[in-house]
**Student:** 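Take this structure first; my questions come after.
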Amino acid sequence: MSLPFNVASHLDTALRAAAAELGLTDRGFQPEVRVADPANGDFQANGALAFAKREKLNPRAVGQQLVEKLGALQEQYDISLAGPGFLNFRLKPAALLGWLQTYDSEEHLQTGAASARCGQTWIVDYSSPNTAKQMHVGHLRSAVIGEAICRLLAFSGATVIRDNHIGDWGTQFGKLIWAYRRHLDPAALAADPLEEFERLYKVGNTAAEADPAVLAEAQQELVKLQAGDAGSLAIWKRINDVSLAAFQEIYDRLGIRFDAMLGESFYNDKVGHIYRELAETGLAQPSEGALVVFHPEHPRFAKQPFIIRKKDGAANYASSDLATALYRAEHFKVDGIIVVTDFRQADHFEQLYLTVRKWFAAKNYRLPELHHVTFGSVNGEDGKALKTRDGGIIRLKALLDEAKERSYQLVSVKNPDFPEAERRAIADVVGVASVQYADLSQNRSSDYVFSWDKMISLEGNTAAYLLYAVSRIRSIFRKAGLDANNPMVAGDGGATMPVADAATAPESPQELALARKLVKFSDATQLATTTLRPHFLSLYLYELAGEFSAFYAADKVIVDDPAVRARRLLLCHRTLIELETGLHLLGLRTDLARM
RNA sequence: GCGAGUGUAGCACAAUGGAUAGUGUAGUGGCCUCCGAAGCCAUUGAUCCGGGUUCGACUCCCGGCACUCGCACCA
């Protein structure tokens, strides 16, 4: 019998069956299978400890009974009872080989994984910048983490809708349109539209502060826009169009393509409905002229209002976010909503989701899973928010350019003999990947310290280390004269066959360590997906690359013995597809032959 | 004031209540006639403080301390 994609689930099933035979299931036995420290085995089951404690039994005796019922597993695992009652499972080399033979391509890894969320639809709201402004370093984490989450969800079988909830209806448009009408520089607009819009906004803001008459005119511009004045709308549309085009250049570099761009303006005509429903269900009430929602059962939000309509009658982000939640539930019929923003909006989303739950329950709407995925800020090495040397905001475009340039310098030092075009192409991949990976390799909850040297100098847990492993593997196949995507070797009688068919089971300590790591790919992707924390996958890939590096330092791949050669080529190939699949799931490109 | 997040070696990070708290950098000592040394091997060094729960706590609970952030119409 062959192992499933997720080996831990195989053990879980077997342990539940054993527990049922022993009559432990009714008493609440849970196997608690997890990846083990390699010193102890491949997987461990800790369930006997908690169960024995609760039932006042001897944990080792419970463990022993379970082991005796697991005879059928002994073909594939060495099973042992250790310490106070841990069950340890170590895969036998033949079982490792079997798994590696089965999962032979990115496509088949995907097939193995795509069951958890099969048939589900999830919408992910990320990036979401304001129009008429440059994207800056503060927009990086939402875009990078959001995209990785989208890819992980899709890998687990979900249909994913990527939604860029752009800020295109803010109060900034009054001053901006005022200045646009009077101070537009067409040449500057053509050269760098966002730069020009930012300049115009500053012009409008400064003028409005200096002259109350200008302020009144700017406010009139906003009123005209919101009333649907054709001329104002034309300017507004032009600003948004060029903004989106500029954003798309960044998204192209980050490998992001949205399915929807439903910004705040899209929900403008949908908020009236929200006010009515929340008032009618008794959730919202007037307070100080505004319409607000209190949550009496909540220690803070009993007093801290959720303002859904301002006292001047205008909508705000709460109204718009409520309308957005309803639209996503009704129009897209989603099973889950994920919003990726920084942690400072945690209160807002807690209030929002509390309100949505009560409102949907009152109206009998189907409630999707609601997640607010937060992340910390990007700080400089001084621990404060990242700024340029003169204290300005770092633009995302400039940041990506610098990453590329630094990578180019480094590639040129390491490989002065490569043609310049190739060095540029490598820097293109490595530069962006380094920026993305620096973010994804670390737990999103904490702030992160932005350091060019750590990111690009490329030692330790970095994109370059992983990409280096990828290019080294490709190099081995090149040296052996084989197609890295589908390596074939000569078998008995001269016919060619896939390396997997010619391979024998792993033997050397390094072969075994690498093979053991490879079968845990599914646990890493699953953990990253269920927790919505991509760093679990990053960590796995880093450890995998480390196992590979140790393996090829110890065991020469291109040796004369055909069986040894085939099994080592198999390990190389499977490492390659897992590294590439994993890096693609994180949103990184891996298309380089050497570096 | 109320609340949230974060506190792990000099620095940067990891640890889904499990076994001896892992890694990277920096330091020290090894390894290129050998598939690429952006590499490999070895080694020194840490859980903010005080209680509690648990067979077992970086992890959960209580009380402090430090830093960051949020708290009536910006998103």
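Convention: sequence-line order gives letters A, B, ...; per-chain numbering from 1. Just so it is clear, the values below take in all heavy atoms, side chains as well, and ignore hydrogens, waters and symmetry mates.
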**Student:** Would you say B/rA4 has OP1 or OP2 under 4.0 Å from some side-chain N or O of A/R300?
**Tutor:** no

**Student:** A/Y468 has a side chain; which of B/rA38, B/rC41, B/rA15 sits nearest to it?
**Tutor:**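 The answer is B/rA38, which lies nearest to the side chain.
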
**Student:** With a 4.0 Å cut-off on N to O distance, would you call A/E580 and A/R474 a salt bridge?
**Tutor:** yes

**Student:** Hey, is A/F86 doing a stacking thing with B/rA19, by the 5.5 Å centroid and 30° angle criteria?
**Tutor:** yes

**Student:** Before we go on, tell me: are the rings of A/H348 and A/Y317 under 6.0 Å apart, centre to centre?
**Tutor:** yes

**Student:** Just checking A/E264: base, sugar-phosphate only, or nothing, at a heavy-atom cut-off of under 4.0 Å?
**Tutor:**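 Result for A/E264 = sugar-phosphate.
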
**Student:** Any side-chain N or O of A/Q345 less than 4.0 Å from the OP1 or OP2 oxygen of B/rA75?
**Tutor:**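 Answer no for this pair, as no side-chain N or O of A/Q345 is under 4.0 Å from OP1 or OP2.
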
**Student:** Between A/V35 and A/G460, just flag the one whose closest nucleotide in RNA chain B comes earlier from the 5' side.
**Tutor:** A/V35

**Student:** For the base of B/rG36, is there a side-chain donor-acceptor partner from A/N415 under 3.5 Å away?
**Tutor:**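 Answer yes: a donor N or O sits under 3.5 Å from an acceptor.
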
**Student:** On RNA chain B, compare the nucleotides closest to A/P305 and A/N40; which residue's is nearer the 5' end?
**Tutor:** A/N40

**Student:** Test the A/K270-A/F266 pair against the cation-pi criterion, namely NZ or CZ under 6.0 angstrom from the six-membered ring centroid and within 45° of the ring axis.
**Tutor:**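 The answer is yes, since A/K270 meets both limits relative to A/F266.
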
**Student:** Go through the N and O atoms of the side chain of A/S320 and the base of B/rA75, and report whether any donor-acceptor pair is under 3.5 Å.
**Tutor:**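 A donor-acceptor contact between them is absent.
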
**Student:** Would A/S128 and A/D125 count as having a side-chain donor-acceptor pair, cut-off 3.5 Å?
**Tutor:** yes

**Student:** Indicate syn or anti for B/rC62, taking the glycosidic torsion and treating anything within 90° of 0 as syn.
**Tutor:** anti

**Student:** Does the B/rA15 base have a donor-acceptor partner in the side chain of A/N443 within less than 3.5 Å?
**Tutor:** no

**Student:** Touch check for A/N46, heavy atoms < 4.0 angstrom, all strands: base, sugar-phosphate only, or nothing?
**Tutor:**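 Counting heavy atoms under 4.0 Å across all strands, the contact made by A/N46 includes a base.
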
**Student:** Tell me whether the side-chain N or O atoms of A/S475 pair up with the base of B/rG36 as donor and acceptor below 3.5 Å, since no angle test is needed here.
**Tutor:** yes

